[in-house]
Chemist: 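I'd like to ask you about the structure that follows.
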Amino acid sequence: MPDSLLMPEPCNGKTYTLFGNRKDSDFYFREVERLVDLLLREHSDPLVLLFMLRRAGRVRHYHGSALFGRKSGPDENFLSVIRESLSPFTTAADDHLRSLSILKRFDRVLGMGERQYHLFMLEAALTNRIFKKEFLESDIRLAFLPHCLRDLSRQCKAAEDGIDYVCRRCSKNCFIRHTTDLLKDHRVEAYIWRTANLGKLFSKLKKDGRRPGVLGIACIPELVRGMRMCTRHGIPVVGLPLNANRCARWMGTFHDNSINMTELEKLLVPDTPVR
C-alpha cells in the first residue's frame, strides 16, 4: 500500500477534520475513546448511554441534564471536557451553520451544530464498542464504502455486481481499492454504496436465515445515521468516519479524502482481553 494512504496528508472538511491541528488522525481516535471511557464511568450500561447520546443529539444546543438526566452535578463540567477535547476537530462547524440559508438549516445533516458533532463522534465510538463482537461473529459481513473515497485523478471503473458497485482495482492510489483488499483479507464483502436498498437487503438476508453484520464508512453525520438505521433493523454495525467531509454535497465538488487505515483494521479483529 502506498505511504500516502497509510499516512495521508491532513485535510480540512466543510465542518470537521479528524486531523485537528496534527499531522494524522490518531489523536482524534484516542480522545474519543478516552471520553467514552469517562462516560461509561457515569453509566455502566452502554445501551442506556447510547440512548442518552442519541436523545441529546436531537438538538443543536443541549445541557448536561439532556445527557446525564440530572438538573445539576458533574454533568456540566463533563460537557466542558467534551468541548475542550473535541472542538479542535470541529472549528468550521458553526461557521458553516451560519452560512446556510434558513431552509437548509432545517436539514438534519447539513444543519448540524458543533455540539451535535461531538455527540455523534461519541455515539459512533460507543456503537462500535457495543456491536463489534457481534459484527465479527456474523454469518455474512458487508461493508459499504463512500464513492467519494475513490482516486479522483482518474475515471473510476467500479461496476455493479450483485448487491451494489464493487471496486475493479483500477488505481494503485485509491482508498477504495486498498480498503476493499483489507476487508477481503478479513472476510468482509465490500461494496461502494450507490444503489443498494439496505432495508430490503437486510430483510432478504434474514428471511434466508443469515445473520448479517455491517461496516460503514462515511462522513460523521451520514455514518451515525447509517449506524442507527442498522440497529433499528437489528443488524450489528461498526463504522469508521472519513477524515473530513469533502464531497460535492458539502463543498460543491469532490475533493480528495482519506481514512485512518490502522483504525479500520482495529474494527476487523477481536479485542485483546485486558489482563
Chemist: Looking at Asp95, Asp94, Asn245, which hits side chain to side chain donor-acceptor pair (under 3.5 Å) with Thr15?
Modeler: Asn245

Chemist: Looking at every non-hydrogen atom in both residues, tell me the closest pair between Leu264 and Ile259 and how far apart they are.
Modeler: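 Where Leu264 meets Ile259 most closely, the heavy atoms are CD2-CD1, 4.2 Å.
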
Chemist: Test of understanding: clusters of I, L, V, M, F, W, Y form through side-chain heavy atoms closer than 4.5 Å, transitively. Do Leu215 and Phe144 belong to the same one?
Modeler: no

Chemist: Is it true that the side chains of Thr231 and Arg54 contain a donor and an acceptor less than 3.5 Å apart?
Modeler: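 Note: Thr231 and Arg54 side chains meet the donor-acceptor criterion.
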
Chemist: Report yes if the side chains of Phe175 and Pro8 come closer than 4.5 Å at any heavy-atom pair, otherwise no.
Modeler: yes

Chemist: Are any side-chain N or O atoms of Ser44 and backbone N or O atoms of Leu40, one a donor and one an acceptor, separated by less than 3.5 Å?
Modeler: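 Side chain of Ser44 to backbone of Leu40, a donor-acceptor pair under 3.5 Å: no, none is there.
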
Chemist: Strictly distance-based, threshold 3.5 Å: is any side-chain N or O of Arg108 a donor or acceptor partner for the main-chain N or O of Pro221?
Modeler: no

Chemist: Suppose we screen for salt bridge (Lys or Arg N to Asp or Glu O under 4.0 Å). Which residues come up paired with Arg141, at least two apart in sequence or across chains?
Modeler: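 Arg141: no salt bridge (Lys or Arg N to Asp or Glu O under 4.0 Å) contacts found.
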
Chemist: Has Arg105 got a side-chain atom pairing as donor or acceptor with Arg98's backbone, closer than 3.5 angstrom?
Modeler: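 At least one qualifying donor-acceptor pair exists.
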
Chemist: Is there a donor-acceptor pair under 3.5 Å between the side chain of Asp139 and the backbone N or O of Arg210?
Modeler: no

Chemist: Exactly one of Glu123, Glu134, Glu33 should register a salt bridge (Lys or Arg N to Asp or Glu O under 4.0 Å) with Arg129. Which one does?
Modeler: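 For Arg129, the salt bridge (Lys or Arg N to Asp or Glu O under 4.0 Å) test succeeds with only one of Glu123, Glu134, Glu33, which is Glu33.
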
Chemist: What pairs meet the ring pair (Phe, Tyr, Trp, His ring centres under 6.0 Å) rule with one or both residues in residues 204-253, with sequence neighbours excluded?
Modeler: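 Matches after skipping sequence neighbours: His96-Trp250, Phe202-His233.
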
Chemist: Answer yes when Lys204 and Asp208 have at least one side-chain N-carboxylate O distance shorter than 4.0 Å, and no when they do not.
Modeler: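 Salt bridge between Lys204 and Asp208, a charged N being under 4.0 Å from a carboxylate O: yes.
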
Chemist: Within 45° of the ring axis of Phe254 and under 6.0 Å from its six-membered ring centre, is that where the NZ or CZ of Arg150 lies?
Modeler: yes

Chemist: Given the rule that I, L, V, M, F, W and Y join up when any side-chain heavy atoms are under 4.5 Å apart, are Tyr165 and Leu142 in one cluster?
Modeler: no

Chemist: Let me check something: do Val214 and Ile220 share a hydrophobic cluster, defined by ILVMFWY side-chain heavy atoms less than 4.5 Å apart, either directly or through other members?
Modeler: no

Chemist: Working note: Arg225 + Glu222, criterion salt bridge (Lys or Arg N to Asp or Glu O under 4.0 Å); need CA distance, chi angles, decisive distance, verdict.
Modeler: CA-CA 5 Å; Arg225 283 165 57 89; Glu222 296 289 8; 3.7 Å; yes

Chemist: Can you see whether Asn243 engages Asn260 through a side-chain donor-acceptor pair at a distance of less than 3.5 angstrom?
Modeler: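 Checked: Asn243/Asn260 side chains show no N/O donor-acceptor pair below 3.5 Å.
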
Chemist: Linking I/L/V/M/F/W/Y whenever their side-chain heavy atoms sit closer than 4.5 Å, directly or via other members, would Met1 and Met7 fall into one cluster?
Modeler: no

Chemist: Between Lys132 and Asp271, does at least one N-O distance fall below 4.0 Å, as a salt bridge requires?
Modeler: yes

Chemist: Could you walk me through whether Phe89 and Tyr16 pass the ring-ring contact (aromatic ring centres under 6.0 Å, His included) check?
Modeler: CA-CA 6 Å; Phe89 308 105; Tyr16 79 90; 9.4 Å; no

Chemist: Assigning hydrophobic clusters by single linkage (Ile, Leu, Val, Met, Phe, Trp, Tyr; side-chain heavy-atom cutoff under 4.5 Å), is Leu145 placed with Met229?
Modeler: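 No, Leu145 does not connect to Met229 through the hydrophobic network.
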
Chemist: Show me the pairs that pass side-chain hydrogen bond (donor to acceptor under 3.5 Å, both in side chains) and involve residues 173-183, at least two apart or across chains.
Modeler: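 Found Arg169-Asp181.
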
